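Below is one structure, written out as C-alpha cells; the observations come after it.
In what follows, every heavy atom counts, from backbone to side chain, and hydrogens, waters and symmetry copies are set aside. In what follows, chains carry the letters A, B, and so on, assigned in the order in which the sequence lines appear, proteins first and then strands, with residues in each chain numbered from 1. Bear in mind that the values here come from a model prediction, so they are computed numbers and not experimental data.
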Amino acid sequence: MLDLKFVRENVAIVEEALRKRRSSLTLDGFLALDKARRERLVEVEGMRAERNAASEEIGRLRREKKDASELMERMKALSNRLKEAEAELPTIERKMEEFLLAIPNMPDPTVPDGAGEEDNPVVRTWGTPRVFSFPVKDHVDLGAALDILDFDRAVKITGGRFCLSKGAGALLERALINFMLDVHTREHGYLEVLPPFMANSASFFGTGQLPKYEEDLFRVAGTDYFLVPTAEVPVTNIVRDEILAAETLPLKMTAYTPCFRAEAGSYGKDTRGMIRQHQFNKVEMVKICRPEESAQELEKLTDDAEEILRRLDLPYRVVTLCTGDIGFSSAKTYDIEVWIPSQGRYREISSCSTFTDFQARRAKIRFREGASGKTRLAHTLNGSGLAVGRTVVAILENYQREDGTVDVPEALRPYMGGLARITKR
RNA sequence: GGAGGGAUGGCCGAGCGGCUGAAGGCGGCGGUCUUGAAAACCGCUGGGCGGCGACGCCCCGCAGGUUCGAAUCCUGCUCCCUCCGCCA
C-alpha cells in the first residue's frame with residue numbers, strides 16, 4: 001500500500017508509474033473521494049469536539065450538584081445529528097481503502113522500462129551451459145527411467161500438477177533443503193524458522209496477496225486460513241503489528257516450506273514435469289531492514305541465492321524485471337534463471353525483491369529510531385534461496401549422463417550419504 | 001467437544017459510567033551527583049488521522065448497541081489460559 005499523503009500529492013507521478021507498469025488502473029475519482037472524506041471528517045470531528053466539551057461540562061455540573069438537564073437535552077439532539085453525519089464516512093473510507101489496496105508499489109527508479117519478460121535486461125551470467133555429446137533427456141524422462149519421479153501416481157493420489165518423488169529423488173529433494181538452509185544459516189547469517197504452512201487472511205493482506213490475488217490461493221474450506229504460496233507470507237508476518245528496536249535490524253530469516261499455488265490462468269503452460277506445480281518445496285530468505293539499507297540488502301540477498309547455484313555448479317543468469325513484468329508489491333526484482341538443457345533456455349529459479357515500505361505499511365512493521373525515538377516503517381525484502389523442485393529439474397538435466405544416470409553435485413554428496421551418482425535401483 | 005477464567009501502553013499491572021489516553025512499577029531517554037560506573041534523586045517517555053499552525057479527532061482484543069457521556073454496562077465474534085474428554 002502506498003502512503004495516502006504521497007498519492008494525494010503526487011497523482012501525476014503515481015499515474016506515470018501505473019502506465020510504466022502497463023496497468024489499466026487510473027486514479028480517476030480518487031482526489032474527489034479524498035476531498036469528500038476530508039470535508040466530512042472536519043464536519044464530524046467538529047461535532048465530536050463539541051460533544052466532548054459538553055460531556056465534560058455535564059460531568060462538572062453534576063459533580064457540583066448543579067442542574068445539567070438542559071445541556072443534556074441539547075446534546076441529545078447533537079448526538080443524533082452526529083450519527084447521521086458519521087454514517088457516510090465508512091462508505092467513503094471503504095472506497096478509499098479499496099483504491100489504495102489496488103495500487104501497486106512504485107517501481108524503483110533503477111527499474112528499466114519494458115512491457116514484459118522479453119524486455120528484462122540480463123545483469124550477469126555465471127557458468128557455461130554444458131555441451132552434450134548425446135541427445136539430452138528432460139527431467140520427466142530421466143526421472144521416470146530412474147524411477148525417482150512418478151507423475152502418474154501423483155495424478156491418482158491427488159491430480160495434475162502434483163509430483164511423487166521416490167528413493168534418490170526424495171532424498172535429493174531433502175538433501176537440497178538441508179544444504180540450502182545450512183548455507184544460509186551458517187554462512188550467510190540467517191535465522192532458521194519453521195512457520196505454519198497456513199496463514200490467516202490478515203497475514204495475506206499484510207504481504208499483499210489479498211485482496212487482489214485470492215484466485216491464486218488454496219483456501220482451507222470453512223476457515224479464514226489459506227495454504228501458504230510462499231514462506232514470504234508467514235515469515236514476513238512474524239513481525240506484523242510490531243515496533244522493532246533499530247539495533248535488531250536487519251532481521252534475516254530463512255525458512256523451508258512447501259508452497260501451494262492454484263496456478264489459475266496457467267492452463268496449458270508448463271504442463272509437463274515439475275516446473276509448475278500446485279505444491280513445491282522452497283527455501284525462502286526474508287529480510288526486515290532500515291530504509292537506508294534496503295537497496296544494498298537486495299544485492300546481498302540476490303548474491304546469497306546465487307551462491308547456492310554456484311555451489312551446485314549450475315549455470316545461471318540474473319535479470320532485472322522491467323516495469324511491465326514486476327510483481328504487484330515489489331519495487332525492484334531480480335530473477336535468477338537457471339539453465340535448463342531440455343528447453344535450451346534459462347528458467348526462473350529464484351525471485352529476489354525489495355518491497356520498500358509497501359508491505360510494511362500494510363502489515364504495520366515499524367522500528368524505533370534510536371536517536372529520535374521516532375517510529376518509522378521498515379523495508380521488507382525476500383527471495384527464493386531456492387525453489388527446490390526446479391533445482392531438482394536443473395540437477396537432473398544438467399548432470400545427466402548418456403546412460404540415463406545422473407551425477408550428484410559434489411556439494412550435495414555429504415547430504416546424500418556420500419551418493420555420487422543416481423542409478424536405477 | 002464440555003466447564004470455567006481472561007484480553008489495558010515496549011513489558012508487568014490498576015482502573016465506582018464523567019476529574020482516565022489511562023495510577024503504580026519495570027524498561028528506555030535526558031539531567032543532578034561521581035575521576036568513571038553503579039546507587040540515589042529529578043524530568044521526559046504509546047500509536048495513528050486531520051490542520052501551515054494554535055489545536056482537534058480516533059484508538060484500552062474486534063464489531064455492534066445503550067447513554068448527553070463507555071476502558072468501565074449489554075450483545076455477537078476472535079484469540080489466549082486452566083481443568084475434563086478425545087487424539088498424533
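- Rounded to whole Å, the C1' atom of rG69(B) lies 30 Å from the corresponding atom of rU45(B).
- Note on E292(A) versus R376(A): salt bridge recorded, some NZ/NE/NH1/NH2 to OD/OE distance being below 4.0 Å.
- Nucleic acid contact class of R8(A) (heavy atoms, under 4.0 Å, all strands): sugar-phosphate only.
- In the interface, the side chain of E45(A) is paired with the base of rG56(B) through a donor and an acceptor atom under 3.5 Å apart.
- Remark: rA3(B) base-pairs with rU82(B). Criterion, Watson-Crick or G-U wobble with two distances under 3.5 Å.
- When the P atom is used for both rC74(B) and rG5(B), the distance is 13 Å, rounded to whole Å.
- Across the protein-nucleic acid pair, R40(A) atom CZ and rG56(B) atom C1' stand 18 Å apart, rounded to whole Å.
- With respect to the salt-bridge test (charged N to carboxylate O, under 4.0 angstrom), the residues R60(A) and E57(A) qualify.
- Here rU45(B) presents its P atom at 16 Å from CD1 of I243(A), a figure rounded to the nearest Å.
- For rA88(B), there is no paired base (Watson-Crick or G-U wobble, both distances below 3.5 Å).
- Each of R376(A) and A53(A) has a nearest nucleotide on RNA chain B; the 5'-most of these lies closest to R376(A).
- Between R347(A) and D335(A) no salt bridge is recorded (no basic side-chain N to carboxylate O distance below 4.0 Å).
- Taking a pair to require two hydrogen-bonding distances under 3.5 Å in either a Watson-Crick or a G-U wobble arrangement, rC44(B) pairs with rG28(B).
- With both pairing distances under 3.5 Å, rA71(B) is matched to nothing as a Watson-Crick or G-U wobble pair.
- Here the side chains of M106(A) and F6(A) are in contact, with some heavy-atom distance below 4.5 Å.
- No side-chain heavy atom of F162(A) sits under 4.5 Å from any side-chain heavy atom of I157(A).
- By the 4.0 Å N-to-carboxylate-O rule, R161(A) lies too far from E263(A) to be salt-bridged with it.
- Rounded to the nearest Å, the gap between the C1' atom of rC62(B) and that of rA3(B) is 25 Å.
- Two residues, E56(A) and R38(A), neighbour RNA chain B, and the one matched to the more 5' nucleotide by heavy-atom proximity is E56(A).
- Whole-Å rounding puts the E93(A) CD to rC49(B) P distance at 13 Å.
- Between rC11(B) and rG2(B), the two P atoms lie 33 Å apart (nearest whole Å).
- Look at the C1' atom in both rG30(B) and rC79(B): the space between them is 39 Å, to the nearest Å.
- Phosphate proximity of rG50(B) to K5(A): present, with a side-chain N or O under 4.0 Å from OP1 or OP2.
- For the pair L89(A) CG and rC49(B) P, the interatomic distance rounds to 16 Å; values are reported in whole Å.
- Interatomic distance, I58(A) CD1 to M72(A) CE, rounded to the nearest 0.5 Å: 6.0 Å.
- Separating the NZ atom of K364(A) from the P atom of rC59(B) is a distance of 15 Å, rounded to the nearest angstrom.
- Taking atom CG on L82(A) and atom C1' on rG56(B), their separation rounds to 14 Å, with Å as the unit.
- Here rG10(B) presents its P atom at 7 Å from CZ of R368(A), a figure rounded to the nearest Å.
- Comparing rG6(B) with rG61(B), their P atoms are spaced 14 Å from each other, to the whole Å.
- Within 4.0 Å (heavy atoms only), D224(A) reaches no atom of the nucleic acid at all.
- If you take CG of D3(A) and C1' of rC49(B), they are 12 Å apart, rounded to a whole angstrom.
- Nucleotides rA54(B) and rG13(B) are separated by 36 Å at their C1' atoms, to the nearest Å.
- Heavy atoms of R74(A) sit nowhere under 4.0 angstrom from any nucleic acid atom.
- Pairing of rA38(B), defined by two Watson-Crick or G-U wobble distances under 3.5 Å, is not identified with any nucleotide.
- Nucleotides rG28(B) and rG46(B) are separated by 13 Å at their C1' atoms, to the nearest Å.
- The residue from R37(A), E97(A), E39(A) that alone fulfils the side chain to side chain contact (heavy atoms under 4.5 Å, CB included) condition with I92(A) is R37(A).
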Task: Where protein sits on nucleotides 64-81 of chain B, one letter per nucleotide: B base, S sugar-phosphate only, - none, heavy atoms under 4.0 Å - done: ----BS------------
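- To the nearest 0.5 Å, the span separating CG on L191(A) from OG1 on T185(A) amounts to 9.0 Å.
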